[in-house]
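FYI, side chains are in, hydrogens and waters are out, and symmetry mates aren't considered; it's all heavy atoms of this structure. Labels below follow one simple rule: chain letters A, B, ... track the order of the sequence lines, proteins then strands, and each chain is numbered from 1.
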2 protein chains.
Amino acid sequence: MNGLPDLSRRERQIMSVIHRLGRATAAEVLGELQDPPSYSAVRAMLRILEEKGQLRHEQDGPRYVYFTTVPVDRAGRSALRDVVATFFAGSAEEAVATLIDMNERKLTGEELDRLAQLIDRAREEGR
Amino acid sequence: MNGLPDLSRRERQIMSVIHRLGRATAAEVLGELQDPPSYSAVRAMLRILEEKGQLRHEQDGPRYVYFTTVPVDRAGRSALRDVVATFFAGSAEEAVATLIDMNERKLTGEELDRLAQLIDRAREEGR
DNA sequence: GGGTGTCTGCTAAAAAATTAGCACTATGCT
DNA sequence: AGCATAGTGCTAATTTTTTAGCAGACACCC
């Protein structure tokens with residue numbers, strides 16, 4: 001039922017940071033963490049996440065730059081699927097409605113136009 | 001940045017189950033878990049989650065029925081906010097588009113109609 | 001009445017996560 | 001050359017999670 005592999009607390013925090021940033025060094029990850037642990041701790045986590053196949057790294061000069069193995073859009077879908085299943089009784093409609101409601105003031109006219117178009121297209125697909 | 005309190009792995013699994021079910025006994029939670037630990041383990045988790053203020057319980061005859069302190073819709077919003085921030089660079093539009101895309105075949109005409117209406121209304125609000 | 005099943009309370013053990021620290025290398029700078 | 005800085009590799013210790021197990025209460029059924 002759960003698409004994401006079971007990660008521990010810090011592991012998830014760190015994955016979240018790297019998904020946000022795209023790529024990141026240990027120092028950068030550290031900088032993003034709210035209750036920063038030691039540099040060492042972060043490096044250890046990165047190493048473990050790499051062992052678990054969640055991350056990979058490239059050498060950039062003297063340092064490692066980490067990036068996720070699963071591309072962000074795929075991970076995003078997976079995360080949405082979980083949220084919908086857990087909190088919205090599997091109803092994508094409810095989730096979308098909530099998202100729109102939450103962001104009413106933030107969504108621009110253009111964005112809303114594009115979404116309207118998207119819905120139109122979905123309606124046609126479903127015939 | 002993260003709305004949900006930091007829970008451990010099993011703790012999150014269990015919270016997820018209870019959010020799905022609404023209310024649940026230890027046995028019911030156990031039944032929902034994919035790689036079921038012992039009954040005892042589940043009970044311990046429930047107790048800890050209650051200590052942490054995530055759950056509360058009522059007595060139902062001889063047994064405890066647990067439910068979350070944060071209502072599911074509020075927790076759902078929080079979860080969506082996190083997902084949008086982490087995987088969609090903060091763009092609600094992208095998240096909505098992805099949700100619709102993921103569910104094109106699943107969303108009924110009626111659901112799409114309601115969403116279209118919702119978007120119309122949001123457009124009017126934003127003026 | 002006695003046995004059986006299902007619950008809680010509690011405590012202790014095992015496993016996993018998380019952190020810290022030291023040694024070593026490369027790089028850049030003066 | 002010599003020094004400071006910023007990295008990695010590795011190992012060990014600490015802390016938190018996670019699990020198991022036993023004892024007692026309560027209900028139910030034969």
[X] has a side chain; which of [options] sits nearest to it?
{"X": "B/R47", "options": "C/dT11, D/dT18, C/dG9", "result": "C/dT11"}
{"X": "A/A27", "options": "D/dG21, C/dT18, D/dG7", "result": "D/dG7"}
{"X": "A/R63", "options": "C/dT8, C/dA20, D/dG7", "result": "D/dG7"}

Atom [atom1] of [X] to atom [atom2] of [N]: distance rounded to whole Å?
{"X": "B/D35", "N": "C/dA16", "atom1": "CG", "atom2": "P", "value": "12 Å"}
{"X": "A/E58", "N": "D/dG7", "atom1": "CD", "atom2": "P", "value": "17 Å"}
{"X": "B/R10", "N": "C/dA14", "atom1": "CZ", "atom2": "P", "value": "19 Å"}
{"X": "A/Y66", "N": "D/dG7", "atom1": "OH", "atom2": "P", "value": "12 Å"}
{"X": "B/I48", "N": "C/dT8", "atom1": "CD1", "atom2": "P", "value": "15 Å"}
{"X": "B/M45", "N": "C/dG9", "atom1": "CE", "atom2": "P", "value": "16 Å"}
{"X": "A/Q59", "N": "C/dT27", "atom1": "CD", "atom2": "P", "value": "10 Å"}
{"X": "A/L7", "N": "D/dT16", "atom1": "CG", "atom2": "C1'", "value": "17 Å"}

[X] and [Y] ion-paired at < 4.0 Å:
{"X": "A/R56", "Y": "A/E50", "answer": "no"}
{"X": "B/R23", "Y": "B/E28", "answer": "no"}
{"X": "B/R105", "Y": "A/E125", "answer": "no"}
{"X": "B/R10", "Y": "B/D35", "answer": "yes"}

Heavy atoms under 4.0 Å, any strand shown: does B/A26 hit a base, just sugar-phosphate, or nothing?
-> nothing

Between A/S40 and A/D6, the residue closer to the 5' end of DNA chain C by nearest nucleotide is A/D6

Can you see if the side chain of [X] gets near the phosphate of [N] - specifically, an N or O under 4.0 Å from OP1 or OP2?
{"X": "A/Y39", "N": "C/dG21", "value": "no"}
{"X": "A/S38", "N": "C/dT19", "value": "no"}
{"X": "A/Y64", "N": "D/dA6", "value": "no"}
{"X": "B/T25", "N": "C/dC7", "value": "no"}

Is B/E32 close to B/Q13 at the side-chain level, that is, under 4.5 Å between some pair of heavy atoms?
-> no

No-H, no-angle donor-acceptor pair, A/R43 side chain to D/dG9 base, under 3.5 Å = yes

